[in-house]
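A quick write-up on the structure given underneath.
As a basis for the values below, the full set of heavy atoms in this structure was taken, side chains included, without hydrogen atoms, waters or symmetry mates. Within every chain, numbering begins at 1; the chains are lettered A, B, ... in the order of the sequence lines, protein sequences first and strands thereafter.
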2 protein chains.
Amino acid sequence: MPRYLFCLEQFTKGASTISSSELARLADETAATVRKDLSYLGSHGTRGIGYDVERLSDTIRQRLGLDRLRDLVIVGLGHLGTALANYGGFDEGMFRVVGMYDIDPEIVGSRVGGMVVRHVDDMRSDLASADCVFGIIAVPPDAAQEAADLLVEAGAAGILSFAPTLLRVPRQVFVRHIDLATELHALSYYVTERRSHSERRAAR
Amino acid sequence: MPRYLFCLEQFTKGASTISSSELARLADETAATVRKDLSYLGSHGTRGIGYDVERLSDTIRQRLGLDRLRDLVIVGLGHLGTALANYGGFDEGMFRVVGMYDIDPEIVGSRVGGMVVRHVDDMRSDLASADCVFGIIAVPPDAAQEAADLLVEAGAAGILSFAPTLLRVPRQVFVRHIDLATELHALSYYVTERRSHSERRAAR
DNA sequence: TAGATTGTTAATCGATTAACAATC
DNA sequence: TAGATTGTTAATCGATTAACAATC
């Protein structure tokens, strides 16, 4: 579902309406699946015409809980954290960075993207009044679990981790995990699969 | 499948054997599914004991085409590209960075992680003799399509893109796409879902 | 032998697809 | 009216699960 939204946002530059087959092509799906998924949203397209891009985007955003602003904190302001902090897509996407934390004295106190990096020890009190905060972990592997613990203590509702480490967190905290090695493995898998397919085809 | 490998690698510090239920817990799966998936690999566990961690890892790696070294190039050496270049997990994971490319004169010629960044125009000739190369795109959104085109021309077999842009590439090139906004959307979705669940539960 | 855990079958469940009436 | 495209049903396909014999 986030993928549909992503494709729609890419597409906005074009027409104001999109058909299920067009969206399917963009999202690498079949038209039938797209229609099924969208009808599940209770969303209303127009027969003979397609879906209103703007209206559909709004409906999906609402469904994803993106109708109100979400607060983000970034833990770890090395190269990765800095890159994430400077990522522009937050504004449109209904996220805003409300805090940046590090443990390195050289980094704490410096400015990244117009915001002063604070010490991780300040996180808990900083976020005491926040309602629903998402944490992004961009620290070295050894520090990832500690960062997760701090985020949990500070009341984070969800964590997005870029560290190649399995995190132990209470069940009520959602964790998503982006691991470069895993992504490369997946890529390698597809390429290997396809190659052996064409080899088999060539052998016939 | 890459996820199993990831979990196994995390686990290695412990015992030399792992049961389907343990692996299931780590990978957020059911024991039955794990056994089904692994049996599909033709892998052999031992009844009453479990799976040999080392042997299982090797089997999965082989299946993923990770039995031989894969070459990587990184396009875009800003903060994100630099973070990726310094990522340590390549060595164990059977990937190695063979080239770094940028277009900015301030970056071209500098050293990142012990390797000199070259100009994107050099990529094609640099990779002429390479067999199976994966490209990582870590450039700003506007430059992503251009980077993809260059990688395709240079003969990349797969592309991992961190740019929030839909890429047009020939069908034979595999693309994986990591978009921060999409990940956050997914996180937001789960949290929203769960919250409305517990509200419903509370309402009863 | 007793306990543990795999490998695999059969049953269930859910997701995808084809197809077409509804309708703009 | 003719063409296009949705929304939805019914059929198919695949994935997950339960369960248990096999066996270490």
Side-chain angles (χ1 to χ4, degrees), chain A residues 1-8 11-12 14-60 62-64 171 182 185-186 189-190 193-194 196-197, chain B residues 1-8 11-12 14-60 62-64 171 182 185-186 189-190 193-194 196-197:
Chain A
M1 199 59 78
R3 176 145 185 94
Y4 291 144
L5 183 56
F6 176 78
C7 293
L8 287 170
F11 187 77
T12 323
S16 72
T17 217
I18 191 173
S19 71
S20 56
S21 50
E22 279 174 297
L23 185 49
R25 193 173 47 75
L26 293 178
D28 242 324
E29 274 291 347
T30 68
T33 304
V34 170
R35 290 205 297 279
K36 195 66 180 289
D37 289 346
L38 297 185
S39 78
Y40 172 70
L41 280 185
S43 147
H44 293 286
T46 309
R47 294 170 196 224
I49 308 290
Y51 299 89
D52 183 290
V53 175
E54 210 47 55
R55 212 157 76 77
L56 184 55
S57 302
D58 287 347
T59 308
I60 297 180
Q62 210 159 48
R63 176 68 181 211
L64 295 178
R171 232 172 319 129
T182 302
H185 290 174
Y189 175 73
Y190 285 122
E193 276 290 289
R194 198 177 48 69
S196 50
H197 275 311
Chain B
M1 200 57 80
R3 176 145 184 94
Y4 291 143
L5 183 56
F6 176 78
C7 293
L8 286 170
F11 187 78
T12 322
S16 72
T17 217
I18 190 171
S19 70
S20 56
S21 49
E22 279 173 297
L23 185 50
R25 193 173 47 74
L26 293 178
D28 241 326
E29 274 291 348
T30 67
T33 304
V34 169
R35 289 205 298 279
K36 195 67 181 288
D37 289 345
L38 297 185
S39 79
Y40 171 70
L41 279 185
S43 146
H44 293 286
T46 311
R47 295 169 196 225
I49 308 288
Y51 299 89
D52 184 290
V53 174
E54 210 47 55
R55 213 157 74 80
L56 185 53
S57 302
D58 287 347
T59 309
I60 296 181
Q62 210 158 50
R63 176 68 181 210
L64 294 178
R171 230 172 321 131
T182 301
H185 290 174
Y189 175 74
Y190 285 122
E193 277 290 288
R194 198 177 47 68
S196 51
H197 275 312

Looking for any heavy atom pair under 4.0 Å, which part of the strands does Ser21(B) touch: base, sugar-phosphate only, or nothing?
nothing
Under the side-chain contact (heavy atoms from CB on, under 4.5 Å) test against Tyr51(B), which residue among Thr46(B), Leu38(B), Thr17(B) passes?
Leu38(B)
Identify which one of Glu29(A), Lys36(A), Arg35(A) satisfies the side-chain contact (heavy atoms from CB on, under 4.5 Å) criterion when paired with Ser20(A).
Arg35(A)
Map Thr46(A) and Arg35(A) onto DNA chain C by nearest heavy atom, then report which one ends up closer to the 5' terminus.
Arg35(A)
Nearest-nucleotide check on DNA chain C, Glu29(A) vs Arg47(A); residue mapping nearer the 5' end is Glu29(A)
Using modelled atom types only, decide if a donor and an acceptor are shared between the side chain of Arg55(A) and the backbone of His44(A) within a distance under 3.5 Å.
yes
What range of DNA chain C does chain A touch, first nucleotide to last, counting atoms under 4.0 Å from its heavy atoms?
dT16(C) to dC24(C)
Scanning all shown strands, the Watson-Crick or wobble mate of dA4(D) with both distances under 3.5 Å is dT23(C)
Which one is paired to dA18(C), where only Watson-Crick or G-U wobble pairs with both distances under 3.5 angstrom count?
dT9(D)
Under the side chain to side chain contact (heavy atoms under 4.5 Å, CB included) rule, what do Asp52(A) and Leu56(A) come out as? Steps first, then yes or no, please.
CA-CA 6 Å; Asp52(A) 183 290; Leu56(A) 184 55; over 6 Å; no
Give the C-alpha distance, both sets of side-chain angles, the deciding distance and a yes or no for side chain to side chain contact (heavy atoms under 4.5 Å, CB included) between Ile60(A) and Met1(A).
CA-CA 7 Å; Ile60(A) 297 180; Met1(A) 199 59 78; 4.0 Å; yes
Taking it one step at a time, do Phe6(A) and His185(B) satisfy side chain to side chain contact (heavy atoms under 4.5 Å, CB included)?
CA-CA 10 Å; Phe6(A) 176 78; His185(B) 290 174; over 6 Å; no
Of Ile49(B) and Ala32(B), the one whose closest DNA chain D nucleotide lies more 5':
Ala32(B)
